[in-house]
Trainee: 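Provided herewith is a single structure, encoded as structure tokens, for subsequent inquiry.
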Amino acid sequence: MHPQLQLLVALQDMDQMIRETEESREQLEDLGFRHEGLEALKNAREELSGKIDPSLASWYKRLTARWGHAVVPVVSNLCTGCFASIPSSFVSKTNVDKVQKCESCGRLLYWP
Amino acid sequence: MDIVEVLKHTSPALFLPDLQATDKAAALAEMVEGLVSGTSIHNPDTILQMLQSREHLGSTAVGPGIAFPHGRTLAVQRLTILIARSHAGVDFDSEDGQPTHLFFVLVAPPQDSGHQYIKSLAALIDRLQDAGLRAQLGEAADYDAFCAALKGA
Ligand SMILES: [Zn+2]
């Protein structure tokens, strides 16, 4: 996987963890979980975000604001964000030189 | 959600009856390796990073001798549960300072309708309040015996 895509996926996982912790905090704490590291996790998130190429980071931010998720898995050659088909030629380029975007919706593509 | 439903998300290939690691970092790595070899999941680094982040948030070793490492990641497409057991015990930063012997690792995709994953987590935590059951799980000979004990069969 492209190293920048790896970072973007990790960033999205972390953003979701922060969001879910804030949204479901009470429910999770009722189960016995603690979240004393939330501020530290937010700092780690900023640090990770700083390693991402600025143009990709701003694209990530725009997509997240619009759709909730910026990076989407490609399943059965479909963008799972908008269900446009992804040309098979994208797959061969995945690991090479750039982070791929869906030509239809612009979301960043990830092959799980 | 009942335990039978929860157990649909695991399999014999996702059962590690004798974890070798004794510290937290190595145990997480060993369990992620188990997840990848027991399924068609491809991206261990992403899963490991997510589980490590979750531990930074606060230790998931919340039961007596039990931990529930969990979280959502783009690296999986369906809820997947790995079960691991350590005879020696792992230092998992538990609240009571005691070693952890049982692990239920839940990894879920970013979206799951009906919060299957939180419900599964809640069902497991509830079921594992039973000290007699925990002792049985520590001794279960194999996956089938382990699941039978969990189901209360
Ligand atoms: Zn798309």
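Below, read A as the first sequence line, B as the second, and so on, with proteins coming before strands; counting in each chain starts at 1.
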Trainee: Report, as yes or no, whether the 6.0 Å neighbourhood of atom NE2 on B/His115 holds more than 12 heavy atoms from other residues, nucleotides or ligands.
Mentor: no
Trainee: Is A/Thr21 close to chain B through its backbone or its side chain, or both, or neither, when contacts mean heavy atoms under 4.5 Å?
Mentor: side chain
Trainee: Surrounding CD of A/Glu29 (heavy atoms of other residues, nucleotides or ligands, distance under 6.0 Å), is the total greater than 12?
Mentor: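 Yes, the 6.0 Å shell around CD holds more than 12 heavy atoms from other groups.
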Trainee: Taking atom CD of A/Glu26 as the centre, does the number of heavy atoms from other residues, nucleotides or ligands within less than 6.0 Å exceed 12?
Mentor: no
Trainee: Counting only non-hydrogen atoms closer than 4.5 Å, does B/Leu74 touch chain A with its backbone (N, CA, C, O), its side chain (CB onward), both, or neither?
Mentor: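 For B/Leu74, heavy atoms of backbone and side chain both lie under 4.5 Å from chain A.
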Trainee: Can you tell if the side chain of A/Pro112 reaches within under 4.5 Å of the side chain of B/Val76, non-hydrogen atoms only?
Mentor: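 In short, these two side chains do not touch, never coming nearer than 4.5 Å.
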Trainee: For A/Arg25, I'd like to know if atom CZ has over 12 heavy atoms of other residues, nucleotides or ligands within 6.0 Å.
Mentor: yes
Trainee: Please determine whether residues B/Ile3 and B/Phe146 belong to a single hydrophobic cluster, defined as Ile, Leu, Val, Met, Phe, Trp and Tyr linked transitively by side-chain heavy-atom distances below 4.5 Å.
Mentor: yes
Trainee: Below 4.5 Å, heavy atoms only, C-beta onward: do B/Thr46 and A/Met1 meet side chain to side chain?
Mentor: yes
Trainee: What part of A/Gln12 is in contact with chain B, defined as an atom under 4.5 angstrom from a non-hydrogen atom: side chain, backbone, both or neither?
Mentor: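 For A/Gln12, side-chain heavy atoms alone lie under 4.5 Å from chain B.
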Trainee: Given heavy-atom pairs under 4.5 angstrom as the criterion, report whether the side chain, backbone, both or neither of B/Glu55 touches chain A.
Mentor: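 Nothing of B/Glu55, per the 4.5 Å heavy-atom cut-off to chain A.
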Trainee: Measure distances from A/Leu31 to the heavy atoms of chain B and classify the residue's part below 4.5 Å as side chain, backbone, both or neither.
Mentor: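 When you check distances to chain B, atoms from both the backbone and side chain of A/Leu31 fall under 4.5 Å.
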Trainee: Under 4.5 Å, counting heavy-atom pairs only, tell me which of B/Ile125, B/Thr60, B/Leu57 racks up the most with chain A.
Mentor: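 Between B/Ile125, B/Thr60, B/Leu57, the count favours B/Leu57.
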Trainee: Given the rule in the side chain to side chain contact (heavy atoms under 4.5 Å, CB included) test, do A/Gln6 and B/Asn43 qualify, once you have shown the distances and angles that lead to the verdict?
Mentor: CA-CA 10 Å; A/Gln6 183 90 50; B/Asn43 199 337; 3.6 Å; yes
Trainee: Compare all side-chain heavy atoms of A/Val9 with those of B/Gln49 and state whether any distance is below 4.5 angstrom.
Mentor: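 SC-SC contact between A/Val9 and B/Gln49 ruled out.
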Trainee: Establish whether A/Trp67 and A/Tyr110 are linked, either directly or via other cluster members, by ILVMFWY side-chain heavy-atom contacts under 4.5 Å.
Mentor: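 Looking at the clustering, A/Tyr110 is in the same group as A/Trp67.
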Trainee: With a 4.5 Å cut-off on heavy-atom pairs, point out which of B/Ala75, B/Pro109, B/Gly63 contacts chain A the most.
Mentor: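 When all of B/Ala75, B/Pro109, B/Gly63 are compared, B/Ala75 has the most.
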Trainee: B/Ile41, B/Asp45, B/Val62, B/Asp126: which one forms the most heavy-atom pairs within less than 4.5 Å of chain A?
Mentor: B/Val62
Trainee: Hydrophobic clustering (ILVMFWY, side-chain heavy atoms < 4.5 Å, transitive) - are B/Ile83 and B/Val4 grouped together?
Mentor: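 No, no single cluster joins them.
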Trainee: More than 12 heavy atoms of other residues, nucleotides or ligands under 6.0 Å from CD of A/Glu46: is that the case?
Mentor: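 Count over threshold, so yes.
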Trainee: In this structure, would A/Leu78 and A/Trp111 fall into the same cluster of hydrophobic residues linked by side-chain contacts under 4.5 Å?
Mentor: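 Per the 4.5 Å side-chain linkage, A/Leu78 and A/Trp111 are not co-clustered.
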Trainee: Answer whether the closest heavy-atom distance between the side chains of A/Gln16 and B/Met50 falls below 4.5 Å.
Mentor: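 Result no, sub-4.5 Å side-chain heavy-atom pair not found.
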Trainee: Please rank A/His69, A/Glu39, A/Glu20 by heavy-atom pairs under 4.5 Å with chain B and give me the top one.
Mentor: A/Glu20
Trainee: Taking atom CZ of A/Arg34 as the centre, does the number of heavy atoms from other residues, nucleotides or ligands within less than 6.0 Å exceed 12?
Mentor: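 Not more than 12 within 6.0 Å, no.
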Trainee: Within the 4.5 Å heavy-atom criterion, are A/Met17 and B/Arg54 side-chain neighbours or not?
Mentor: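 They are in side-chain contact.
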Trainee: Would you say that B/Ile118 contacts A/Leu28 through its side chain, given a criterion of any heavy-atom pair below 4.5 Å between the two side chains?
Mentor: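 Counting from C-beta outward, B/Ile118 and A/Leu28 do come under 4.5 Å.
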Trainee: Quick check: do B/Gln77 and A/Val75 have side-chain heavy atoms less than 4.5 Å from each other?
Mentor: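 Result yes, sub-4.5 Å side-chain heavy-atom pair found.
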Trainee: Can you get from A/Val71 to A/Phe83 by hopping between Ile, Leu, Val, Met, Phe, Trp and Tyr side chains that sit under 4.5 Å apart?
Mentor: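 No; A/Phe83 is not reachable from A/Val71 via cluster members.
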Trainee: Can you confirm whether A/Phe33 sits close enough to B/Leu121 that some side-chain heavy atom of one is under 4.5 Å from a side-chain heavy atom of the other?
Mentor: yes
Trainee: First locate atom CG of A/Asp13, then atom OG1 of B/Thr73, and finally report the distance between them rounded to the nearest 0.5 Å.
Mentor: 3.5 Å
